[in-house]
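A short write-up of the structure that comes next.
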Amino acid sequence: MSTPRTPGAAPPPRSTPPRVAAADRGATRIADRVVAKIAAQAAREALAAQRGGRPAPAPPHAAVTVHHDIARVRVSLELDYPSDLAAQCAAVRKQVADRIEACAAMAVPEVDIDIEHLHAPQTGPATGRVRRLR
């Protein structure tokens with residue numbers, strides 16, 4: 001049975017539950033595909049910075065495996081050729097590792113780079129005589 005309340009009286013104060021330590025509250029799990037999206041965006045930004053703001057020929061793709069807050073990352077790129085491939089890969093590795101550590105609070109011991117295609121500079125349309133076969 002509840003105690004009668006008088007009209008206009010404030011409700012009785014509620015007791016606050018005891019504070020639970022952060023370690024006992026649970027954990028936040030970040031899905032692998034979310035980390036992969038962070039990695040792909042970081043790679044895109046690194047390539048744009050290397051190319052003077054121009055976007056890469058194709059957007060990078062990333063695959064990530066997370067185990068105990070350690071992310072293993074593989075990034076697939078398409079790069080222009082000729083260019084300094086090692087410098088571009090180093091910039092992508094650093095940007096991806098830094099961004100995942102900052103955004104997802106995960107260690108990134110390695111970032112594997114797969115260069116899937118090299119794009120040669122576009123040559124203009126053929127000039128001079130064009131021979132047609134019948």
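Bear in mind that the values here come from a model prediction, so they are computed numbers and not experimental data. If you read the sequence from its start, that first residue is 1, and numbering goes on from there.
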Practice item. For residues 31-40, pull every pair meeting salt bridge (charged side-chain N to carboxylate O under 4.0 Å, His left out), keeping only residues two or more places apart or in separate chains. Key: none
Donor-acceptor contacts under 3.5 Å from residues 53-64 side chains, at least two apart:
unit_1: Arg54; atom_1: NH1; unit_2: Arg51; atom_2: O; d: 3.4

Revision key, fill the gap. Interatomic distance, CG@Leu118 vs CG@Asp80, rounded to 0.5 Å, equals 9.0 Å
Exercise for review: Return the set of residues passing side-chain hydrogen bond (donor to acceptor under 3.5 Å, both in side chains) with Glu101 (not counting sequence neighbours), or none when no residue passes.
Suggested key: none
Revision key, fill the gap. The side-chain contact (heavy atoms from CB on, under 4.5 Å) partners of Pro109 (sequence neighbours excluded) come to Ile70, Arg72
Review point. Partners of Asp69 by salt bridge (Lys or Arg N to Asp or Glu O under 4.0 Å), sequence neighbours excluded?
Key: none
Point to revise | Residues that Thr65 engages under side-chain hydrogen bond (donor to acceptor under 3.5 Å, both in side chains), provided they are two or more places apart | key: none
Exercise for review: Go through the structure and list residues passing side-chain hydrogen bond (donor to acceptor under 3.5 Å, both in side chains) with Glu116, not counting sequence neighbours.
Suggested key: Ser76
Review point. To the nearest 0.5 Å, how far apart are CD1 in Ile113 and CG in Leu85?
Key: 11.5 Å
Check your understanding: What side-chain hydrogen bond (donor to acceptor under 3.5 Å, both in side chains) pairs are there with at least one residue in residues 103-115, not counting sequence neighbours?
Key -> Arg74-Asp114
Point to revise | With Ala86 via side-chain contact (heavy atoms from CB on, under 4.5 Å) - residues at least two apart | key: Asp84
Pairs under 3.5 angstrom only: tabulate donor-acceptor contacts from the side chains of residues 89-100 to other protein residues two or more places apart or in another chain.
unit_1: Arg93; atom_1: NE; unit_2: Val111; atom_2: O; d: 3.1
unit_1: Lys94; atom_1: NZ; unit_2: Asp98; atom_2: OD2; d: 2.7
unit_1: Gln95; atom_1: NE2; unit_2: Glu45; atom_2: OE1; d: 3.4
unit_1: Arg99; atom_1: NH1; unit_2: Glu45; atom_2: OE1; d: 3.2
unit_1: Arg99; atom_1: NH2; unit_2: Glu45; atom_2: OE1; d: 2.7

Review point. Excluding sequence neighbours, so at least two apart, what forms side-chain hydrogen bond (donor to acceptor under 3.5 Å, both in side chains) with His117?
Key: none
Review point. Could you give the distance from CG (Leu79) to CD1 (Ile115), rounded to the nearest 0.5 Å?
Key: 5.0 Å
